[in-house]
Number of protein chains: 2
Amino acid sequence: MTAARLDEIDRKILAELQADGRMTNVELARRVGISAPPCLRRVRALEEMGYIRGYHADIDARELGFEVQVFAMVRLVSQSERDLSAFEALACEWPLVRECHMLNGEIDFILKCVSPDLTSFQRFLTEQLTAAPNVASVKTSLVIRCAKDEPGVPFSVVEERAAAALG
Amino acid sequence: MTAARLDEIDRKILAELQADGRMTNVELARRVGISAPPCLRRVRALEEMGYIRGYHADIDARELGFEVQVFAMVRLVSQSERDLSAFEALACEWPLVRECHMLNGEIDFILKCVSPDLTSFQRFLTEQLTAAPNVASVKTSLVIRCAKDEPGVPFSVVEERAAAALG
DNA sequence: GCTGAAATCGCCTAACG
DNA sequence: CGTTAGGCGATTTCAGC
């Protein structure tokens with residue numbers, strides 16, 4: 001288990017920073033029960049080791065004018081590594097595509113897209129995505145509403161597993 | 001357009017904080033070209049108005065022992081508002097479910113799930129998700145690899161639209 | 001090794017122009 | 001929006017466990 005190097009304080013730090021990434025270090029230290037200097041050292045170490053990849057403001061897309069959110073299920077003609085990588089490279093370049101996951105099963109890729117409106121999404125769909133080389137078919141589903149959108153990891157489960165590992 | 005109340009400095013602030021949510025206010029002010037106090041006032045206002053919903057550390061799920069990521073496509077028996085809400089409430093309670101979006105088309109919901117391993121995911125799938133009231137069918141797809149996973153909004157598009165609006 | 005205490009430096013954040 | 005200024009947090013240094 002790769003998280004074995006983390007003790008309970010480290011996990012608490014990750015949980016707190018996931019919940020509020022802009023918390024001051026002294027507040028963080030207070031919450032996890034140590035003083036500020038070692039707390040800051042732990043945060044730096046967690047960043048170094050890759051447990052923390054970065055910090056992001058959570059921006060409301062709708063408020064910024066992105067009224068449309070779409071999941072696009074993409075099937076390719078060829079699934080050779082070369083062609084898979086080529087499609088991924090393309091997806092990375094499209095700003096409207098926020099996530100690109102390669103899947104098992106009949107669908108090759110699922111893309112999460114945002115767009116200001118249906119018209120501009122349709123243009124992206126027909127002129128870029130469907131028109132891209134090696135794309136066999138694209139099925140899209142509009143997001144009607146979003147009941148849950150939590151970034152990251154459920155720390156309740158992390159703690160359960162850590163407790164079980166001590167057994 | 002709801003983002004009309006934002007000027008270019010506001011949009012720059014949002015873009016910078018989306019890229020690095022832990023940036024100090026003076027650094028942020030320097031980057032957007034104003035002094036620190038008005039910059040902080042703008043940030044507070046953007047939080048108040050709901051453009052910024054929060055700040056989160058971006059935690060590497062795999063490093064923390066969540067080896068498995070799955071998209072689950074769920075179809076319900078009844079799509080009455082009461083039953084839709086009931087399913088959403090359930091999804092919100094399951095820690096392994098990180099996102100729950102209601103879709104148009106044949107699929108009613110798409111869930112993004114994380115899990116430590118296939119065994120525990122299978123247990124969640126059979127004992128909780130498929131067994132939940134009103135669930136007609138669940139199709140799951142494992143994430144083989146992730147080529148792109150960017151939170152939030154493409155600010156290049158925001159700027160294009162703002163420029164066009166001035167046109 | 002780790003933590004914690006003290007001191008310095010820099011930032012945050014009011015109040016005012 | 002900028003400047004000033006006081007208080008607090010961040011970060012290094014050093015001592016102790």
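Keep in mind that the numbers below use all heavy atoms, side chains included, and drop hydrogens, waters and symmetry copies. By convention in this document, chain letters (A, B, ...) are assigned in the order of the sequence lines, proteins followed by strands, and residues within each chain are numbered from 1.
Listed by first and then second residue, the salt bridge (charged side-chain N to carboxylate O under 4.0 Å, His left out) pairs that reach into residues 133-142 of chain B come to none, sequence neighbours excluded. Within the structure, every pair that satisfies the salt bridge (charged side-chain N to carboxylate O under 4.0 Å, His left out) test and touches residues 75-87 of chain A, not counting sequence neighbours, is listed here: A/E81-B/R145. Screening residues 124-135 of chain B for salt bridge (charged side-chain N to carboxylate O under 4.0 Å, His left out) gives B/R123-B/E127 as the qualifying pairs, with residues at least two apart or on separate chains.
Looking at residues two or more places apart in sequence or on another chain, you find a salt bridge (Lys or Arg N to Asp or Glu O under 4.0 Å) between B/R53 and A/D58, A/D60. By the side-chain contact (heavy atoms from CB on, under 4.5 Å) test, B/P151 pairs with A/H56, sequence neighbours left out. Residues that satisfy the side-chain contact (heavy atoms from CB on, under 4.5 Å) test with A/R30, not counting sequence neighbours, are A/E27. Under the salt bridge (Lys or Arg N to Asp or Glu O under 4.0 Å) criterion, A/E16 pairs with A/R31, not counting sequence neighbours. Residues satisfying the side-chain contact (heavy atoms from CB on, under 4.5 Å) criterion with B/A89, sequence neighbours excluded, are absent altogether. Judged as a side-chain contact (heavy atoms from CB on, under 4.5 Å), and not counting sequence neighbours, the contacts of B/I144 are A/M102, A/N104.
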task = Encode nucleotides 1-7 of chain C as B, S and - characters from 5' to 3', where the letter depends on protein heavy atoms closer than 4.0 Å: B to the base, S only to sugar-phosphate, - to neither.
result = --BBB--
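When atom types are taken as modelled, the side chain of A/R62 and the backbone of A/E67 share a donor-acceptor pair closer than 3.5 angstrom.
Of the residues in residues 16-26 of chain A, none lies under 4.0 Å from DNA chain C by heavy-atom distance.
Between A/R30 atom CZ and D/dA10 atom P the separation is 13 Å, expressed in whole Å. Spacing between atom CZ of A/R31 and atom C1' of D/dG9 amounts to 16 Å, rounded to whole angstrom units. Going from atom CD of A/E27 over to atom C1' of D/dT11 covers 18 Å, rounded to whole Å.
Across all strands shown, B/R44 has heavy atoms under 4.0 Å from sugar-phosphate atoms exclusively, and none from any base.
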Which nucleotides of DNA chain C pair, in dot-bracket form (Watson-Crick or G-U under 3.5 Å, | meaning another strand) = |||||||||||||||||
